[in-house]
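Chain letters run A, B, ... following the sequence lines, proteins first and then strands; every chain starts at 1.
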2 protein chains.
Amino acid sequence: MERHFGLNDRPLPEPTVARLPIYLRIAEEAVRSGATTISSDELAGLAGINAAKVRKDLSLLGSLGTRGTGYDAAQLAGVIDGILGAELDWPVVIAGVGKLGRALINARGFLTGGYHLVGLVDVNSSVIGEQIGEHIVSSFEQLSASLRNPPKIGVITTPDHSAQAAAESLIALGAHSLLNFAPKVLDVPEGVRVRYVDLSIELQILSYHAAREATSEPVGLLATVGVEADQLRPTPWAEAPGVSP
Amino acid sequence: MERHFGLNDRPLPEPTVARLPIYLRIAEEAVRSGATTISSDELAGLAGINAAKVRKDLSLLGSLGTRGTGYDAAQLAGVIDGILGAELDWPVVIAGVGKLGRALINARGFLTGGYHLVGLVDVNSSVIGEQIGEHIVSSFEQLSASLRNPPKIGVITTPDHSAQAAAESLIALGAHSLLNFAPKVLDVPEGVRVRYVDLSIELQILSYHAAREATSEPVGLLATVGVEADQLRPTPWAEAPGVSP
DNA sequence: ACGTGTGAACTAATTCACAGCA
DNA sequence: TGCTGTGAATTAGTTCACACGT
């Protein structure tokens with residue numbers, strides 16, 4: 001598995017990594033709208049951040065820009081795509097076929113690019129066998145028997161009390177990266193990466209700020225991101241690639 | 001509207017704000033499980049971060065702990081709850097009753113505490129009039145006529161091409177804070193706060209790291225958070241309060 | 001002129017390490 | 001002895017400002 005670091009030796013700063021998907025979206029959008037080139041200023045405006053940050057971020061990927069002109073939108077998209085690994089093949093299994101699981105399965109924009117669903121599992125026998133889109137919900141045993149290659153990413157959309165069991169099953173299937181939507185801290189072996197997404201926290205953060213909105217502070221565009229546990233890195237930003245139900 | 005700052009004068013650092021909901025969950029959980037007291041070490045372990053950070057964060061809220069003992073779990077929960085404004089009343093309107101909207105409406109844990117749904121709107125006449133839980137989907141006009149008080153928070157779960165219109169309607173209803181799940185940058189007037197949540201970005205961040213997993217780095221628990229656009233602040237962390245479909 | 005790339009300055013956040021109270 | 005609270009040190013990230021290519 002190829003290693004992508006910055007231009008040099010070092011890995012990219014987490015905040016930069018978190019912004020890359022945003023730049024990618026904007027660059028792709030620019031290409032679609034016929035632009036061949038895009039400047040750090042434009043990128044910054046659309047991302048809701050400042051241009052210096054954009055340039056600093058992109059300079060870590062190499063000298064992609066042309067002075068006086070800007071960045072080649074298509075090339076930029078390609079480079080970011082490569083770095084994010086989106087051009088590789090990322091088989092995904094979703095565990096938990098409840099409302100949220102279904103929403104993600106059907107969301108345009110969630111499973112795009114290199115991410116594709118290879119399995120849908122649940123422990124509830126009333127949904128096992130159900131067909132959703134092109135997939136049939138199976139038990140872990142069934143999926144385990146039928147999968148040729150292990151999934152790279154496991155998505156947990158079970159109720160919280162089942163999350164740990166789901167995690168263990170996904171890990172047993174071979175997943176080393178988990179995206180957990182359940183409000184539960186997972187106990188996973190060394191080497192397994194977990195990313196937590198907590199939607200209710202967003203409301204709490206919003207209301208914290210709203211409660212002191214009186215002091216009308218500048219309001220910026222936002223970015224959305226899950227954070228790396230240990231080294232909590234946030235993601236600044238605007239233009240969220242998203243879930244469109 | 002009361003102003004909550006740290007102990008002193010200054011507002012809390014964004015990363016701290018993003019961690020508070022996590023501490024809150026853990027403290028509440030501790031209370032439920034019968035513990036009266038919880039230490040920064042325990043908090044840290046459950047949150048997937050280190051104890052110094054926990055103590056620094058909590059010290060900004062006041063001298064809540066007792067040396068040699070730890071923090072009073074119930075008191076801690078109460079204080080954080082107050083700071084996050086969760087004990088206040090936060091009327092929420094959800095715009096866009098597609099799969100994701102329905103998932104959020106039904107998710108345990110999304111609309112809890114002081115957050116409660118006061119309206120469900122959509123532009124699609126085929127869903128207007130539909131009853132979902134205790135609410136009936138209405139048009140913006142209908143809702144506008146029937147709402148007594150403006151919603152404080154608007155949640156956008158429409159397709160991306162409708163997001164801007166939804167935002168404008170929500171703002172017209174009186175919402176000053178928006179939580180946008182659509183992959184679209186919103187153009188909003190000064191004073192309106194937008195928080196973007198992009199679920200597909202999570203996959204991209206996971207795969208970026210997975211692609212260089214070869215170098216087995218330490219794997220931490222993660223935190224999930226949307227970020228404040230301008231000042232991009234991430235959220236470190238583990239134990240995500242979540243969406244359980 | 002224009003806009004990138006980047007060292008330098010600055011600001012923010014994390015982590016250390018320990019004094020001090022229960 | 002145990003664990004908080006917190007200054008000090010460190011590390012990370014952002015922003016400035018300008019030299020340099022086109």
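Applying the side-chain hydrogen bond (donor to acceptor under 3.5 Å, both in side chains) test to B:Q75 and every residue at least two apart in sequence or in another chain returns nothing.
Test B:L24, B:L76, B:L20 against B:D81 for side chain to side chain contact (heavy atoms under 4.5 Å, CB included) and you get one pass: B:L24. Between B:I80 and the options B:I26, B:D57, B:L61, a side chain to side chain contact (heavy atoms under 4.5 Å, CB included) holds for only B:L61.
Computed from coordinates, the B:I38 CD1 to D:dT4 C1' distance equals 14 Å when rounded to whole Å. Atom CG in A:L76 sits roughly 15 Å away from atom C1' in C:dG3 (whole-Å rounding). Going from atom CG of A:D57 over to atom P of C:dG3 covers 19 Å, rounded to whole Å. Distance, A:I49 CD1 to D:dT14 P: 9 Å, rounded to whole Å. A:L60 has its CG atom 9 Å from the P atom of C:dT6, to the nearest Å. Counting to the nearest Å, the C1' atom of D:dG13 and the CD atom of B:E14 are 15 Å from each other. Here D:dG5 presents its P atom at 11 Å from CG of B:L43, a figure rounded to the nearest Å.
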### Trace of the salt bridge (Lys or Arg N to Asp or Glu O under 4.0 Å) decision for A:R32 with A:E29
CA-CA 5 Å; A:R32 265 195 298 281; A:E29 177 61 33; 3.1 Å; yes
Provide a list of protein-nucleic acid N or O atom pairs under 3.5 angstrom, restricted to nucleotides 9-11 of chain D.
none

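Considering only side-chain N and O atoms, A:R19 lies under 4.0 angstrom from the phosphate OP1 or OP2 of D:dT14. At C:dA13, none of the side-chain N or O atoms of B:K53 fall inside 4.0 Å of OP1 or OP2 (strictly under the cut-off). Contact annotation: A:Y71 reaches the phosphate of C:dG5 (side-chain N/O to OP1 or OP2, under 4.0 Å). An OP1 or OP2 oxygen of D:dT4 is reached within less than 4.0 angstrom by a side-chain nitrogen or oxygen of B:S40.
Within 4.0 Å of A:L58, counting heavy atoms only, lies no atom of the nucleic acid at all.
For the pair A:W90 and B:L206, the minimum side-chain heavy-atom distance is 4.5 Å or more. A 4.5 Å side-chain heavy-atom check between B:L178 and B:I171 finds at least one atom pair inside the cut-off. When side chains are defined from C-beta on, B:E14 counts as touching A:H209, because their heavy atoms get closer than 4.5 Å.
Residue order along DNA chain D, read from the 5' end via each residue's closest nucleotide, puts B:S39 first among B:K56 and B:S39. Nearest-nucleotide assignment on DNA chain D puts the 5′-proximal partner with A:N50, out of A:N50 and A:G68.
Closest to the side chain of B:R55, out of C:dT14, C:dC16, D:dT4, is D:dT4.
Contact annotation: side chain of B:R67 to base of D:dT4, donor-acceptor pair present below 3.5 Å.
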